[in-house]
Amino acid sequence: MSNMETELKRLIIDTLALEDIGVEDIDSHAPLFNAGLGLDSIDALELGLAIRKTYQVKIDSEQHDVVSIFASVASLAQFIESARP
Amino acid sequence: MDQKPSTPAVAKTLQRRLSPLARAVLHCIGECIHPAEHLPTVFSSSHGEIGKCLEMLETLQAGEELSPTAFSLSVHNAIAGLYSMAYGNHAEITALAPAAAGLGAGFIEALGILQEGQPEVLLVFYDEALPDFFPSAPFNMSLTGSCVLALKLALVGEGIRLSFGLSQNTRHDGEQPLQLSALIKFLNSQQSVLCLGDQGCNWQWQKR
């Protein structure tokens with residue numbers, strides 16, 4: 001597991017107030033939304049904001065394939081690594 | 001309250017969205033109805049969670065971006081929305097901000113729903129202290145703490161038998177937050193009549 005993936009899991013837990021979940025409970029390749037962690041569209045917006053603040057990376061629904069970027073921690077980490085300044 | 005009020009009917013993923021007031025409201029509802037009961041519901045709150053709006057305005061003033069979650073929960077019917085999601089309740093749900101009408105507005109709305117033929121209706125009053133930013137004291141519109149009351153109303157059946165109507169007594173009890181504890185006390189005592197009013201809206205409850 002890359003450092004970015006671990007960092008992202010911590011960010012997801014803290015940003016979305018997932019009280020009873022630890023970094024080790026999140027599978028990097030499991031779906032983040034609906035199934036998997038059970039996150040919803042408000043969580044996606046909240047996470048987008050946290051990523052923008054933390055990594056200065058903007059995920060723009062008009063430029064990027066948001067669904068595949070937000071598919072899992074692994075895909076999100078990969079996108080941030082490639083897009084961060 | 002030191003201990004978090006329990007809200008067993010609310011799924012984990014929704015629990016994290018509950019403010020202390022939302023948690024108190026859903027706890028009281030949980031004490032009043034069964035999780036599978038999908039009743040038409042009336043919520044009455046003078047101020048809702050206006051503190052959230054103030055926090056967001058302060059965030060904007062500081063030049064920061066708003067939290068989408070905070071934004072989604074800042075509307076007056078946010079707790080009504082959380083309730084409908086938690087209970088999977090698709091029945092008619094109303095959210096009132098009664099101002100001068102005090103506790104009367106919620107009763108009128110609930111009785112209207114019963115008169116339309118619904119057998120039962122859930123009536124929920126809630127308010128919390130207004131943030132200090134708002135000069136509420138001279139206007140008699142805020143308490144220092146939170147208060148919630150959930151009532152299941154029906155035109156027939158068991159429970160406390162009440163009549164409700166206009167009162168001829170002119171009263172100055174303040175708005176809903178200041179009237180609510182009097183209603184709770186009335187329902188839990190031997191007192192047979194309760195009159196409450198503010199700014200020309202005077203109501204009477206009588207046990208039968």
Side-chain angles (χ1 to χ4, degrees), chain A residues 7-28 30-64 66-67 69-73 76 79-80 83-85, chain B residues 1-27 35 48-49 51-53 55-90 95:
Chain A
E7 232 179 88
L8 257 184
K9 288 177 187 177
R10 180 45 54 201
L11 185 76
I12 290 169
I13 290 166
D14 294 344
T15 305
L16 307 181
L18 303 174
E19 281 175 4
D20 303 332
I21 291 180
V23 166
E24 63 285 355
D25 297 321
I26 303 177
D27 177 346
S28 294
L32 275 177
F33 294 90
N34 302 319
L37 281 184
L39 305 182
D40 60 22
S41 57
I42 300 274
D43 292 315
L45 292 172
E46 196 71 44
L47 201 51
L49 176 66
I51 288 168
R52 193 151 74 238
K53 279 185 180 168
T54 312
Y55 302 107
Q56 289 79 50
V57 168
K58 192 170 182 203
I59 303 172
D60 183 344
S61 62
E62 300 203 345
Q63 280 182 39
H64 305 116
V66 180
V67 174
I69 292 170
F70 276 104
S72 67
V73 169
L76 202 49
F79 175 78
I80 293 169
R84 67 193 298 187
Chain B
M1 240 180 278
D2 290 339
Q3 227 180 349
K4 268 191 181 178
S6 64
T7 51
V10 184
K12 265 264 150 66
T13 44
L14 263 189
Q15 295 258 7
R16 65 200 166 94
R17 300 249 164 95
L18 303 184
S19 63
L21 182 62
R23 185 171 289 281
V25 169
L26 289 170
H27 173 78
E49 294 177 283
K52 287 186 175 172
C53 295
E55 274 173 31
M56 289 199 302
L57 287 171
E58 288 167 345
T59 306
L60 287 177
Q61 192 181 30
E64 289 168 23
E65 287 185 83
L66 292 180
S67 152
T69 313
F71 183 76
S72 78
L73 294 171
S74 66
V75 288
H76 189 74
N77 57 355
I79 291 180
L82 289 167
Y83 158 74
S84 104
M85 287 161 77
Y87 281 79
N89 185 345
H90 299 162

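Every heavy atom of this structure was used, including side-chain atoms; hydrogens, water molecules and symmetry mates were not. Residue numbers start from 1 in every chain, and the chains themselves are labelled A, B, ... in the order their sequence lines are given, proteins ahead of strands.
Heavy-atom distances place both the backbone and the side chain of Glu46(A) under 4.5 Å from chain B. For a residue to count as touching a neighbouring chain, one of its non-hydrogen atoms must lie under 4.5 Å from one of that chain's; by this rule Leu37(A) touches chain B with the backbone only. For Asp20(A), the part lying near chain B is the side chain, with the backbone staying farther off; criterion is any non-hydrogen pair under 4.5 Å. Using a 4.5 Å cut-off between heavy atoms, Thr69(B) contacts chain A through both its backbone and its side chain. Only the side chain of Leu49(A) comes within contact range of chain B, judged by heavy atoms closer than 4.5 Å.
Here the CG-OG1 distance, from Asp43(A) to Thr13(B), works out to 8.5 Å after rounding to the nearest 0.5 Å. Of the inter-residue distances, the one linking Leu66(B) atom CG with Leu45(A) atom CG reads 12.0 Å to the nearest 0.5 angstrom.
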Mind listing the side-chain donor-acceptor pairs of residues 81-88 of chain B below 3.5 Å, one per line with the distance, residues two or more places apart or on another chain?
{"from": "Tyr83(B)", "atom 1": "OH", "to": "Thr41(B)", "atom 2": "OG1", "distance (Å)": "2.8"}
{"from": "Tyr83(B)", "atom 1": "OH", "to": "Asn89(B)", "atom 2": "ND2", "distance (Å)": "3.0"}
{"from": "Ser84(B)", "atom 1": "OG", "to": "Gly81(B)", "atom 2": "O", "distance (Å)": "3.4"}

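Side chain of Arg16(B) to main chain of Glu19(A): no donor-acceptor pair is present (N/O by atom type, distance under 3.5 Å, no hydrogens or angles).
The 12-atom threshold is not exceeded at CZ of Phe71(B), counting heavy atoms of other residues, nucleotides or ligands nearer than 6.0 Å.
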